[in-house]
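See below for the structure under consideration.
Residue numbers start from 1 in every chain, and the chains themselves are labelled A, B, ... in the order their sequence lines are given, proteins ahead of strands. Nothing here was measured: the structure is a model prediction, and the numbers come from that model.
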2 protein chains.
Amino acid sequence: MKPKGFVRRTRQREVILEVLRGTKGHPTADWVYQEVRKTMPHVSLGTIYRNLKTLSEHGEIQELAFGSTHSRFDANKEVHYHFVCEQCGLIEDLDMPILEGLEEEVAQRGYRVVSHRLEFYGLCPDCAADEEAVSQAN
Amino acid sequence: MKPKGFVRRTRQREVILEVLRGTKGHPTADWVYQEVRKTMPHVSLGTIYRNLKTLSEHGEIQELAFGSTHSRFDANKEVHYHFVCEQCGLIEDLDMPILEGLEEEVAQRGYRVVSHRLEFYGLCPDCAADEEAVSQAN
DNA sequence: GTAAATGCAAAGAATTTGCTAGCCC
DNA sequence: GGGCTAGCAAATTCTTTGCATTTAC
């Protein structure tokens, strides 16, 4: 017997995954939509949303919300941390080691921990440089 | 000379702050609205949103987005970490020490770090207990 | 007195959903 | 061929905004 929620391979779904895997950014649903339309002009935004949801439910991608109103998606399935630039909006993966033992620490408080997220906020290198230039000018 | 963005003390703003400080939850704008209406039936949702925005811009409260589409607000101004139950939606503050040195580690990569957020996802103690009961029943 | 804030309603933005037709396995 | 999916558009949900009036300082 086939599993109930069997996920079918469709052309749309493949293109969406390709697009996500082909970017280092952390795109929004709408960005993905625009990209997919370059290949499939008739794709609908509803399909994008449904597939992004399905893919993240099946662990193929990660759905992330960084403070703002809309979600961002990441094809990087590994646990990793992010930096968010409050000036230009850039979101980057940080190449720092996963903190071991943290989840155990929380588990000792009675929680069953499945995952964790760590994000840093501030200015990215470029924006930090710009700001220094401005403050020197004054 | 008064600062430009001078914030006036209004009754609405006071009630909103009171409501937020009076709960340990991490309420949504709409929950705050319902609470404030108990005291001020004529308050408008727009006022709630405008004030929540103003308050968080002035550091009186924190605005948080936990994966879902809508924001939550927290009158706890101190840096602290959260646990999010994926079953019942509960969001709790964790009484664990702030990780020192983390921001420095990121700063060494060229970023100017202002803050960081750490969240754990999984099952809260109650939901974890429920699940164990179910799995034993089978 | 005047700038800031409110209430109300309408507009916006992001996401979800109902329905019919089509495609995958 | 049965059921998951797509396309399309309408509906929801959350949040923001314009404007006339009120209020804080």
Notebook entry, point to check: Closest nucleotide of DNA chain D for Thr10(B) versus for Ala29(B): which of these residues is on the 5' side?
Noted result: Ala29(B)
Notebook entry, point to check: If you take atom types as modelled and just measure distance, does the side chain of Arg8(B) reach the base of dT23(D) with a donor-acceptor pair under 3.5 Å?
Noted result: yes
Notebook entry, point to check: If you find the nucleotide of DNA chain C closest to Arg9(A) and the one closest to Met40(B), which residue's nucleotide is nearer the 5' end?
Noted result: Met40(B)
Checklist line | Arg72(A) side chain vs Leu64(A) backbone, donor-acceptor pair below 3.5 Å | finding: no
Item checked: Nearest-nucleotide 5' precedence on DNA chain C, Arg13(B) against Gly46(B) -> Arg13(B)
Check: Side chains of Asp74(B) and His80(B): closer than 4.5 Å at any heavy-atom pair?
Finding: yes
Note to self: Using a heavy-atom cut-off of 4.0 Å across all strands, would you classify Asp30(B) as base, sugar-phosphate, or nothing?
What the structure shows: nothing
Next item on the list: Please tell me which of Thr54(A) and Leu45(A) maps to the more 5' nucleotide of DNA chain D, matching each residue to the nucleotide holding its nearest heavy atom.
Entry: Thr54(A)
Checklist line | Within 45° cone of Phe83(A) ring axis and under 6.0 Å: Arg117(B) NZ or CZ | finding: no
Checklist line | Phosphate contact (dT15(C) OP1 or OP2) by Tyr49(A) side-chain N/O below 4.0 Å | finding: yes
Check: Does a distance-only test, which skips hydrogens and angles, find a donor-acceptor pair under 3.5 Å between the side chain of Arg50(B) and the base of dG18(D)?
Finding: yes
Next item on the list: Choose from dA6(D), dA5(C), dG7(C) the nucleotide whose nearest atom is closest to any side-chain atom of Thr47(A).
Entry: dA6(D)
Next item on the list: Over 60° means perpendicular and under 30° means parallel, so classify the ring planes of Tyr81(A) and His116(A), tilted if in between.
Entry: tilted
Notebook entry, point to check: Just how far, in rounded Å, is C1' of dC4(D) from NE2 of His58(A)?
Noted result: 11 Å
